[in-house]
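A short write-up of the structure that comes next.
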Amino acid sequence: MRIEVQEAPFDLGRETSDFASGHKDMGAIVTFTGVVRDLARGDLDRMEIEHYPGMTQKALEKIAAQAQARWSLGDVLVIHRHGALTPGEMIMMVATAAPHRKDAFEAAEFLMDYLKSRAPFWKKEFTRDGAEWVAAKDADEDALTRW
Amino acid sequence: MDVLYFAWVRERIGLPREQVETSAVTVADLVEELKAREARYAAAFADLSALRVAVDQELTEFDAPLAGAREVAFFPPMTGG
């Protein structure tokens with residue numbers, strides 16, 4: 001398991017390639033990448049992501065450990081950025097390695113659902129008109145009930 | 001104990017963390033003490049359903065006990081991913 005909480009950008013290609021290499025018994029690698037999406041009005045200047053240093057790493061490790069306990073996984077990678085990001089920039093990625101694709105896909109979805117509402121990150125959107133905290137969606141909380 | 005605030009809770013109260021001397025038994029008791037201090041605290045804690053709490057960096061509920069706790073953090077529902 002590797003968990004990285006960082007301000008710096010990450011290289012999706014290199015991370016995926018490094019993660020995917022070195023296993024002989026993992027038939028499936030699944031990756032998900034979250035990207036800063038512009039607002040419908042097209043006026044998002046930047047997004048600032050605040051987090052809770054100290055808790056963030058532990059919370060992510062706990063979520064990853066739950067995934068490992070539940071599915072047959074060879075490895076898990078989570079990279080999550082904080083600080084100021086502009087539209088189109090990659091915010092985070094998860095990768096799962098498993099002998100079979102069902103485990104890899106399901107575990108990646110589980111990781112994403114829990115990351116959304118159980119990892120201590122908060123997003124604030126900045127436009128020319130001001131700034132607004134992104135509100136958590138009921139659907140994100142509801143998504144946890146399927147697990 | 002150390003009390004930490006994040007996101008709009010931090011903005012509304014006006015500081016990221018502070019040391020609080022308290023004999024509160026539960027998180028909810030601590031919230032009542034803070035609310036009684038000043039209007040900005042009362043405003044931040046007006047609707048507890050809009051808040052989450054972590055004690056010693058573990059998510060918990062407002063009725064959680066504070067015995068032995070070193071750090072309590074208040075924040076809105078998280079928006080990771």
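To find a chain, count down the sequence lines: A is the first, B the second, and so on, and within it residues start at 1.
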Exercise for the section: Would you check, one step at a time, whether the test side chain to side chain donor-acceptor pair (under 3.5 Å) holds for B:Y41 with B:R37? Expected result: CA-CA 7 Å; B:Y41 290 91; B:R37 281 179 163 189; 3.1 Å; yes

Are [X] and [Y] close enough for a salt bridge, meaning some N to O gap below 4.0 Å?
X: A:R2; Y: A:E4; value: yes
X: A:R146; Y: A:E109; value: yes
X: B:R10; Y: A:E50; value: yes
X: B:E11; Y: A:K124; value: yes
X: B:E38; Y: B:R12; value: no

Quick check on [X] against chain B: is it the side chain, the backbone, both or neither that has a heavy atom closer than 4.5 Å?
X: A:H51; value: backbone
X: A:A135; value: backbone
X: A:R118; value: both

Which of the residues [options] is involved in the greatest number of heavy-atom pairs with chain B at under 4.5 angstrom?
options: A:K58, A:K123, A:M92; answer: A:K123
options: A:K137, A:H80, A:E48, A:K62; answer: A:H80
options: A:M93, A:K116, A:R81; answer: A:K116

Exercise for the section: Report the option among B:T79, B:L4, B:L59 that has the most heavy-atom pairs separated by less than 4.5 Å from atoms of chain A. Expected result: B:T79

Exercise for the section: Tell me, for B:A54 versus chain A, whether the close heavy atoms (under 4.5 Å) come from the side chain, the backbone, both or neither. Expected result: side chain

